Amino acid sequence: MHGYAVAGGSDIALSCDLVVMADDAKIGYMPARIWGCPTTAMWVYRLGAEKAKRMLLTGDTIDGVQAKDWGLVIDAVPEAELDAAVDHLVQRMSGVPTNQLVMQKMMINQAYDNMGLQSTQSMAVLFDGITRHSPEGRWFVDFAQKYGFGAAVEWRDTGRFMPDGGGDLPTEDEIDAMRR
């Protein structure tokens, strides 16, 4: 993984069996601040409850070094070394018979299923829909319609206040102040 795996991109990355990440790449789910819930729920399965809460209660991003340190990804290397690191891992796995790989993966995935992954994902899909249609979600949409999606995302990701239950949109002056 290089660049950014954010929002739905983090769902895709965290659904992969193994993730090798560039050390300067970013991963996170910023819509957790408003207008989204990660439908795969893989943050909690890969990080545990406390670090998943740290990420999803702030909407922050972390780089590859921190992601590796937390155990979110298997490795973090300089981007120039990313292809070689992945090739090395693939070569290591290619010596294992296919039936062995299949059984190991099925056993690991069954453990996730036994922990409730499928029911958690079903709930997360419902919560994702609710976040988009809640008063706060509607506030975010109204903000985006009035000032543009980029401005709404910028407001959200800088950590600015978003009113519970909706409320008044920021003024042009408040948006200008944010950008300074």
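Bear in mind the structure is a predicted one, so any value in this text is a computation, not a measurement. Throughout, numbering of the chain's residues begins at 1 and tracks the sequence.
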Novice: Do M30 and Y4 land in one hydrophobic cluster if side-chain heavy atoms of ILVMFWY residues count as linked below 4.5 Å?
Specialist: yes
Novice: Who else is in the cluster with I108 when I, L, V, M, F, W and Y are joined by side-chain contacts under 4.5 Å?
Specialist: M107
Novice: Check salt bridge (charged side-chain N to carboxylate O under 4.0 Å, His left out) between D128 and all other residues, then give those that pass, not counting sequence neighbours.
Specialist: R132
Novice: Does the pair D164 and W139 meet the rule for a side chain to side chain contact (heavy atoms under 4.5 Å, CB included), with working shown?
Specialist: CA-CA 9 Å; D164 288 333; W139 178 89; over 6 Å; no
Novice: What's the verdict on side chain to side chain contact (heavy atoms under 4.5 Å, CB included) for D11 and Y29, showing C-alpha distance, side-chain angles and the deciding distance?
Specialist: CA-CA 8 Å; D11 281 338; Y29 198 92; 4.0 Å; yes
Novice: State which residues pass salt bridge (charged side-chain N to carboxylate O under 4.0 Å, His left out) with E81; sequence neighbours excluded, sorted by chain then number.
Specialist: none
Novice: With D176, which residues qualify under side-chain hydrogen bond (donor to acceptor under 3.5 Å, both in side chains), at least two apart?
Specialist: none
Novice: Step by step, work out the salt bridge (charged side-chain N to carboxylate O under 4.0 Å, His left out) result for K146 and D142.
Specialist: CA-CA 6 Å; K146 184 170 183 177; D142 292 345; over 6 Å; no
Novice: So which atom in A177 and which in R160 form the shortest heavy-atom distance, rounded to 0.1 Å?
Specialist: O-NH2, 3.9 Å
Novice: Within the side chain of W43, is there an N or O that forms a donor-acceptor pair under 3.5 Å with the backbone of M55?
Specialist: no
Novice: Can you tell me if Y147 has over 12 outside heavy atoms packed within less than 6.0 Å of its OH?
Specialist: yes
Novice: Looking at N114, I'd like to know if its CG atom is crowded, meaning that more than 12 non-hydrogen atoms belonging to other residues, nucleotides or ligands lie closer than 6.0 Å.
Specialist: yes
Novice: Can you list everything that forms a side-chain contact (heavy atoms from CB on, under 4.5 Å) with R179? Sequence neighbours excluded, please.
Specialist: A151, E154, I175
Novice: Restricting to side-chain contact (heavy atoms from CB on, under 4.5 Å), what partner residues turn up for A124, sequence neighbours left out?
Specialist: C37
Novice: Just to verify, what does Q100 make a side-chain contact (heavy atoms from CB on, under 4.5 Å) with, not counting sequence neighbours?
Specialist: V96, P97, M103, Q104
Novice: Can you find a heavy atom in the side chain of D168 that is under 4.5 Å from one in the side chain of P163?
Specialist: no
Novice: How would you list, by chain and number, every residue that makes a side-chain contact (heavy atoms from CB on, under 4.5 Å) with T171, sequence neighbours excluded?
Specialist: D173, E174
Novice: Just how far is it from atom CE of M162 to atom CD1 of I34, taken to the nearest 0.5 Å?
Specialist: 5.0 Å
Novice: Using the rule that two of Ile, Leu, Val, Met, Phe, Trp, Tyr join whenever any of their side-chain heavy atoms come within less than 4.5 Å, decide whether L82 and V19 are in one cluster.
Specialist: no
Novice: Hey, does the side chain of Y45 reach the backbone of T40 with a donor-acceptor pair shorter than 3.5 angstrom?
Specialist: no
Novice: Over all heavy atoms of both residues, which pair between M21 and A67 is shortest? Give the atoms and the distance, please.
Specialist: SD-CB, 3.8 Å
Novice: Looking only at non-hydrogen atoms, find the nearest pair between A25 and M1 and report the distance.
Specialist: CB-CE, 3.6 Å
Novice: Can you give each donor-acceptor pair under 3.5 Å made by side-chain atoms of residues 68-75, sequence neighbours left out, with the distance rounded to 0.1 Å?
Specialist:
{"unit_1": "K68", "atom_1": "NZ", "unit_2": "D75", "atom_2": "OD1", "d": "3.4"}

Novice: Assign the ring pair F143 / W155 to parallel, tilted or perpendicular, where the plane angle (0 to 90°) is split at 30° and 60°.
Specialist: tilted
Novice: If you take all heavy atoms of G9 and A5, which pair is closest and at what distance?
Specialist: O-CB, 3.8 Å
Novice: Is M178 linked to W35 within one hydrophobic cluster, defined over Ile, Leu, Val, Met, Phe, Trp and Tyr using a side-chain heavy-atom separation of less than 4.5 Å?
Specialist: yes
Novice: To the nearest 0.5 Å, tell me how far L169 CG sits from E172 CD.
Specialist: 10.5 Å
Novice: Just verifying a value: how many Å separate R46 CZ and S10 OG, rounded to the nearest 0.5 Å?
Specialist: 11.0 Å
Novice: Would the distance check show the side chain of E79 and the main-chain N or O of A22 forming a donor-acceptor pair, the cut-off being under 3.5 Å?
Specialist: no
Novice: With the 4.5 Å side-chain cut-off for hydrophobic clustering, are L14 and M115 part of the same group?
Specialist: yes
Novice: Atom CE in M123, atom CG in L126: separation rounded to 0.5 Å?
Specialist: 9.0 Å
Novice: Let's go through L18 and M93 carefully: what are the C-alpha distance in whole Å and the side-chain angles of both, what is the deciding distance for side chain to side chain contact (heavy atoms under 4.5 Å, CB included) to 0.1 Å, and is it a yes or a no?
Specialist: CA-CA 11 Å; L18 302 170; M93 291 170 41; 3.6 Å; yes
Novice: List for me each residue that meets salt bridge (charged side-chain N to carboxylate O under 4.0 Å, His left out) alongside D87, sequence neighbours excluded, and say none if there are none.
Specialist: none
Novice: Which pairs count as side chain to side chain donor-acceptor pair (under 3.5 Å) when at least one residue sits in residues 48-63, sequence neighbours excluded?
Specialist: R54-T58, R54-D60, T58-D60
Novice: R138 versus V141: any side-chain heavy-atom pair under 4.5 Å?
Specialist: yes
Novice: Assess the residue pair N109 and M106 against the criterion (side chain to side chain contact (heavy atoms under 4.5 Å, CB included)); give the C-alpha distance rounded to whole Å, side-chain angles, the decisive distance to 0.1 Å, and a yes or no.
Specialist: CA-CA 5 Å; N109 289 350; M106 287 175 66; 5.9 Å; no
Novice: What about V20 and I27, same hydrophobic cluster or not, with Ile/Leu/Val/Met/Phe/Trp/Tyr joined at side-chain heavy-atom distances under 4.5 Å?
Specialist: no
Novice: By salt bridge (charged side-chain N to carboxylate O under 4.0 Å, His left out), which residues pair with K105, not counting sequence neighbours?
Specialist: D17
